[in-house]
Each structure stands twice: as C-alpha cells, then as structure tokens.
Visitor: 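Quick one: the structure is below, questions incoming.
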2 protein chains.
Amino acid sequence: MTLSDIEFPTPSEDADCRPVREILDRIADKWSLYIFVALKDGPVRFNALRRQIDGISQRMLTITLRQLERDGLISRTHFPTIPPRVDYELTEVGRSLLAPVMALVTWADSNRNVIEEARRQHDQTR
Amino acid sequence: MTLSDIEFPTPSEDADCRPVREILDRIADKWSLYIFVALKDGPVRFNALRRQIDGISQRMLTITLRQLERDGLISRTHFPTIPPRVDYELTEVGRSLLAPVMALVTWADSNRNVIEEARRQHDQTR
DNA sequence: CCGCATCCGTCTTGATACTG
DNA sequence: CAGTATCAAGACGGATGCGG
C-alpha cells in the first residue's frame with residue numbers, strides 16, 4: 001500500500017486555519033489529554049484527578065480544567081459541603097471527543113514496543 | 001445515551017503507565033501533531049515544513065523532527081547536493097498513526113463552531 | 001481537610017545571528 | 001538550504017497562604 005492509497009475525510013477547509021489550530025493546541029497540550037482519559041468513566045473530584053494524573057501540579061490542573069470548561073468540554077459542579085467538593089465531568093461535546101482521544105491512547109499502547117525498539121536502535125547507531 | 005453505554009477497546013494495561021505516557025507526550029506536544037499533518041501526503045523538505053507550520057521556529061522544528069525520527073515515526077533523507085536538501089517522510093509506523101491523528105483534526109474542524117460558541121457564552125457569563 | 005491564588009526558581013521555548 | 005549557538009522571555013512545578 002502506498003501513501004496515496006490512503007484517503008482521509010478532508011476537513012471542510014484547510015486544517016491549519018486559525019480556529020482549528022486553537023482547538024488542537026488545547027487538546028494536544030501537556031495535560032488536557034490525560035484529563036480526558038481520567039474523566040472517561042464519569043465525574044471525578046479535583047484531588048482524585050490530581051492523584052490519577054501522575055506528575056501534574058495543582059496549579060496546572062486548575063488552569064487546564066478552567067480552559068476545558070471554557071471550551072464547553074467539561075462541566076464543573078461545586079457542592080458547598082464541608083469539606084467542599086468539586087466534581088468535574090465530560091459534557092456531551094467532551095464525550096464526542098473521547099473517541100478520537102482514546103484511539104490515540106490505544107495506538108500508543110499497541111505501538112509502544114515498536115517505538116521503544118526504534119529508540120534503542122537509533123541510540124545504538126548514533 | 002449514558003456514559004456507561006460507551007465502550008472503548010481497553011488497552012492491555014493501565015493507559016497511564018510509563019511507556020504509554022512517554023509516547024503520548026511526544027505525540028501530543030506543541031508541534032508533533034502539525035508535522036504529522038504536514039507530512040501526510042508524502043515527503044516534504046525542511047523549509048517547506050517550516051512554511052507550512054505557521055509559527056514554528058527553526059529550532060523547534062529541528063528538535064521535534066529529531067525526536068520523531070528517533071521514535072521511528074519519520075525518516076530523514078539527506079541529499080548531499082549544493083544547496084543541501086533534506087526530505088522528511090512518514091515511516092510505515094508513522095503512517096499508522098495518521099488515522100488517529102486525522103480523526104482528531106477532523107473532530108476539531110467539525111466542532112470549532114460549538115467550541116467558539118461555548119467560549120463566547122462563558123466569557124459573557126463571567 | 002479541599003479547592004484555589006500567589007510568589008519564586010527552574011526548565012523550556014522563541015528570536016536572532018552565525019556556519020557548512 | 002539546512003541547520004547550530006546564544007541569550008532573553010515565557011511556561012511550568014513546588015511551596016505557601018487563604019477561605020470555606
């Protein structure tokens with residue numbers, strides 16, 4: 001199979017135009033992807049997210065959640081209990097993004113051996 | 001449809017384990033995604049990539065290409081002509097990643113209006 | 001306790017100038 | 001043309017403090 005045999009559904013316009021770039025930059029930033037994965041099975045509280053996403057700082061979790069909320073991809077529910085509780089959850093739109101995101105995760109999982117081998121070979125040849 | 005109705009192919013292990021994280025961090029960094037899109041139709045030269053990917057610096061293009069090459073996702077062909085010429089191209093493995101990546105791009109394209117509306121509404125409510 | 005804002009040191013990134 | 005070197009600007013993580 002050659003490259004030209006592969007056909008992808010072409011986006012309506014040039015995929016590199018401004019708005020699409022903004023959205024992709026949001027999805028593909030350092031932490032958003034992992035927040036999506038962490039929320040895929042339902043609502044999760046702030047500190048539970050913090051524990052689930054290894055290495056994320058409180059600060060970056062807050063910032064990234066705010067951005068995703070602004071984009072309408074996740075919703076924030078605040079319970080004024082003591083101690084306070086805040087649930088984060090994927091919205092309808094957010095869930096529709098889950099399929100492509102999980103496709104990426106699944107790809108990474110099934111190809112990790114191939115990539116690790118490529119790295120070893122590259123580092124050796126160097 | 002509720003969230004629990006959605007079933008995804010579960011990766012063989014916990015998706016948050018080390019190697020998968022490393023791979024996802026590479027794919028979902030600021031520039032890799034755009035390099036993939038730019039290479040989807042065949043080999044492209046260094047400066048052509050630079051022009052295609054709006055806003056990328058020469059430095060970051062070099063660094064990102066090197067990383068993707070190390071991971072075996074793209075190949076680098078150097079022609080010792082004057083002026084020199086270097087072609088970058090997706091490898092077999094790299095092409096297999098194209099499907100999930102383009103799914104993400106297509107999603108971003110079809111949902112940009114929804115997201116922009118969500119942002120407007122959020123900024124207004126604030 | 002939980003969620004969030006702020007300050008500060010570190011590391012990454014970008015702009016610019018230079019080389020084969 | 002395709003990089004490399006250098007340095008300044010910005011993003012990020014960790015610690016701390018605060019309000020519920």
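In what follows, chains carry the letters A, B, and so on, assigned in the order in which the sequence lines appear, proteins first and then strands, with residues in each chain numbered from 1.
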Visitor: In terms of the nearest nucleotide of DNA chain D, which residue is placed more toward the 5' end: Lys30(A) or Ile82(A)?
Guide: Lys30(A)
Visitor: Are Trp31(A) and dG13(D) close enough that a side-chain N or O sits under 4.0 Å from OP1 or OP2?
Guide: yes
Visitor: Can any side-chain N or O of Asn111(B) pair as donor or acceptor with the backbone N or O of Val114(B) at less than 3.5 Å?
Guide: no
Visitor: So which atom in Val20(A) and which in Ala108(B) form the shortest heavy-atom distance, rounded to 0.1 Å?
Guide: CG1-CB, 4.1 Å
Visitor: Do Glu117(A) and Arg120(A) sit within salt-bridge range, that is, some charged N less than 4.0 Å from a carboxylate O?
Guide: yes
Visitor: Taking 5' to 3' order, which nucleotide of DNA chain C is first and which is last to have an atom within less than 4.0 Å of a heavy atom in chain B?
Guide: dT13(C) to dG20(C)
Visitor: For Pro83(A) and for Gly55(B), find the nucleotide of DNA chain C with the closest heavy atom, then tell me which residue's nucleotide is more 5'.
Guide: Pro83(A)
Visitor: For Arg45(B), report the nucleic acid contact type (base, sugar-phosphate, nothing); a contact means any heavy atom under 4.0 Å.
Guide: sugar-phosphate
Visitor: Do Arg119(B) and Asp71(A) pass the side-chain contact (heavy atoms from CB on, under 4.5 Å) test, and can you show the C-alpha distance, the side-chain angles, and the key distance before you say yes or no?
Guide: CA-CA 5 Å; Arg119(B) 285 181 186 169; Asp71(A) 290 349; 2.6 Å; yes
Visitor: Give the C-alpha distance, both sets of side-chain angles, the deciding distance and a yes or no for side-chain contact (heavy atoms from CB on, under 4.5 Å) between Leu39(A) and Glu89(A).
Guide: CA-CA 6 Å; Leu39(A) 291 179; Glu89(A) 187 175 10; 5.9 Å; no
Visitor: In the structure I gave you, are the side-chain heavy atoms of Leu68(A) and Tyr88(A) within less than 4.5 Å of one another anywhere?
Guide: no
Visitor: Could you check whether Glu92(A) pairs with Arg95(A) (Lys NZ or Arg NE/NH1/NH2 to Asp/Glu carboxylate O, under 4.0 Å)?
Guide: yes
Visitor: Please report, rounded to the nearest Å, how far the P atom of dC12(D) is from the CD1 atom of Ile56(A).
Guide: 10 Å
Visitor: Base, sugar-phosphate, or nothing for Phe79(B), non-hydrogen atoms under 4.0 angstrom?
Guide: nothing
Visitor: Which of residues 58-68 of chain A have a heavy atom under 4.0 Å from DNA chain D?
Guide: Arg59(A), Met60(A)
Visitor: Could you state the atom-to-atom distance from CZ of Arg50(B) to C1' of dC1(D) in whole Å?
Guide: 11 Å
Visitor: Leu24(A) and Tyr34(B): which non-hydrogen atoms are nearest, and at how many Å?
Guide: CB-OH, 3.3 Å
